[in-house]
Amino acid sequence: MPLVESFLQTTAPSSQPQPQQNRYQVLNVVSRGSYGVVYRAWDTEAGEIVAIKHELTGLSRSTLREIKILQSLPRHRSIVELKKVTVDERGKVLVVMEFMPSDLSRLIAARKKPFTAPQLKVSVWRILKGVLFLHENGVLHRDLKPSNILINQKDRIKICDFGLSRWESESGSYSPEVGTQWYRAPELLMGKTNYTGAIDMWAVGCVMAELVLLKALFPGNSEIQQLGYIHLTLGPALQLMLSVSVPMLTPAGLDLLISLLAFDPNDRITAKDALQHPWFLEF
Ligand code: ADP
């Protein structure tokens, strides 16, 4: 971790008083992305573990967007908490957030057997709560995927990575080049620029299917192949695949999934309606 060593200590947390000029002690690297690194660190002032996103190249548009959106939103239990934005001695931005021990991508990769019906239901419920909160506050996340959904030991789920998010009210046409391809809604793949929160609902459908199947539903290598997968899989083929391979998904659960994966965004279920779906009343 060469860049951070000058301002962050890399020792383990200690009960001894620490020099206050180094508020954050790096414990380990959580993830390395194209813009920077996410660290797990000890906040010596607050006495807690935090996650720190550290920009390597200066302030990127995506980090600026993430900071603005997180600062403008009220606190919500399904959205990662922004604790502080600060800079290191070289002027590189540090985004300090609450720390979450895992994300759905890592959880799915480590999973040997299917999630139980209650585990699946509670996860989808909490993701939908977070998305409803964002949409009610006029924010489109635009990059929902398992690695951007954090989870802790109590199965609390928090949405993170607002680097591609935007307010629905922002003027100008929207870029269709948003989101990670496997989770990108058909209208984005077809280049539509006046899309709605329905793109996030599609991504929630892909995440729900991935929780069920323990693998990505539409793992296309190109935009064309992605659309091809979607065309091949939607409809009766999806119903058959899920009802054969995952009997724990009841007809009501399957109905919700199909409503999330409606090809036409106007037919796709909203977060509000999805939370009212009868699947959540089944025990
Ligand atoms: P990037 O935009 O650089 O990909 P993300 O915000 O998506 O950065 O974070 C990358 C990864 O870092 C996430 O997939 C997650 O595993 C981890 N991560 C992000 N925020 C936190 C956090 N608050 N607590 C723990 N891990 C986090």
Side-chain angles (χ1 to χ4, degrees), residues 1 3-4 8 13 23-43 46-73 75-86 88 92-111 123 126-127 130-131 133-134 139-166 175 177-184 199-200 203-204 206-207 210-211 216:
M1 308 156 223
L3 265 174
V4 288
L8 298 173
R23 175 168 177 175
Y24 301 105
Q25 301 174 341
V26 168
L27 302 174
N28 58 279
V29 173
V30 178
S31 151
R32 278 180 203 279
S34 36
Y35 294 110
V37 183
V38 177
Y39 295 100
R40 184 171 76 101
W42 176 248
D43 180 346
E48 63 182 4
I49 300 279
V50 290
I52 301 182
K53 212 182 221 190
H54 183 222
E55 285 269 302
L56 295 179
T57 50
L59 186 56
S60 65
R61 274 186 65 165
S62 103
T63 300
L64 189 60
R65 205 187 272 264
E66 170 155 69
I67 293 168
K68 275 187 177 172
I69 289 198
L70 282 175
Q71 281 180 338
S72 74
L73 284 172
R75 286 268 300 273
H76 189 273
R77 57 203 325 234
S78 293
I79 305 297
V80 72
E81 184 196 345
L82 174 69
K83 290 181 176 285
K84 195 173 169 63
V85 179
T86 182
D88 69 13
K92 302 279 190 310
V93 174
L94 300 174
V95 183
V96 184
M97 298 168 284
E98 69 179 304
F99 177 77
M100 297 287 283
S102 195
D103 62 55
L104 289 189
S105 162
R106 283 185 272 158
L107 197 72
I108 290 168
R111 190 83 190 170
S123 302
R126 287 173 172 169
I127 296 168
V131 175
F133 169 79
L134 293 178
V139 171
L140 304 183
H141 186 282
R142 305 202 301 176
D143 196 16
L144 287 172
K145 56 182 175 180
S147 60
N148 285 342
I149 301 173
L150 306 171
I151 185 159
N152 69 11
Q153 297 90 339
K154 293 179 180 163
D155 289 348
R156 176 115 315 274
I157 272 177
K158 308 227 177 203
I159 296 172
C160 75
D161 194 357
F162 290 79
L164 285 178
S165 303
R166 66 175 284 169
S175 165
E177 307 287 316
V178 289
T180 306
Q181 188 172 286
W182 293 357
Y183 308 91
R184 207 178 282 163
I199 63 156
D200 288 337
V204 174
C206 296
V207 172
E210 196 160 329
L211 285 169

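Counting starts at 1 for both ligands and their atoms, following the listed order.
- At distances below 3.5 Å, not a single donor-acceptor pair connects side-chain atoms of Arg40 with backbone N or O atoms of Asn28.
- With salt bridges taken as basic N to acidic carboxylate O contacts below 4.0 Å, none links Glu98 and Lys83.
- Using a heavy-atom distance under 4.0 Å as the criterion, the protein contacts of ligand 1 are Val30, Ser31, Val38, Ala51, Lys53, Val80, Met97, Glu98, Phe99, Met100, Asp103, Arg106, Ser147, Asn148, Leu150, Asp161.
- Taking the charged nitrogens against the carboxylate oxygens, Lys68 and Glu66 have no contact shorter than 4.0 Å, which rules out a salt bridge.
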Name each donor-acceptor pair under 3.5 Å that joins a side chain in residues 149-156 to protein atoms two or more places apart or in another chain, with its distance.
residue	atom	partner	partner atom	Å
Asn152	OD1	Lys154	N	2.9
Asn152	OD1	Asp155	N	3.3
Asn152	OD1	Arg156	N	2.9

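- Under the rule for a side-chain contact (heavy atoms from CB on, under 4.5 Å), Ala109 has no partner lying at least two apart in sequence or in another chain.
- Under the ring pair (Phe, Tyr, Trp, His ring centres under 6.0 Å) criterion, Phe162 pairs with His141, sequence neighbours left out.
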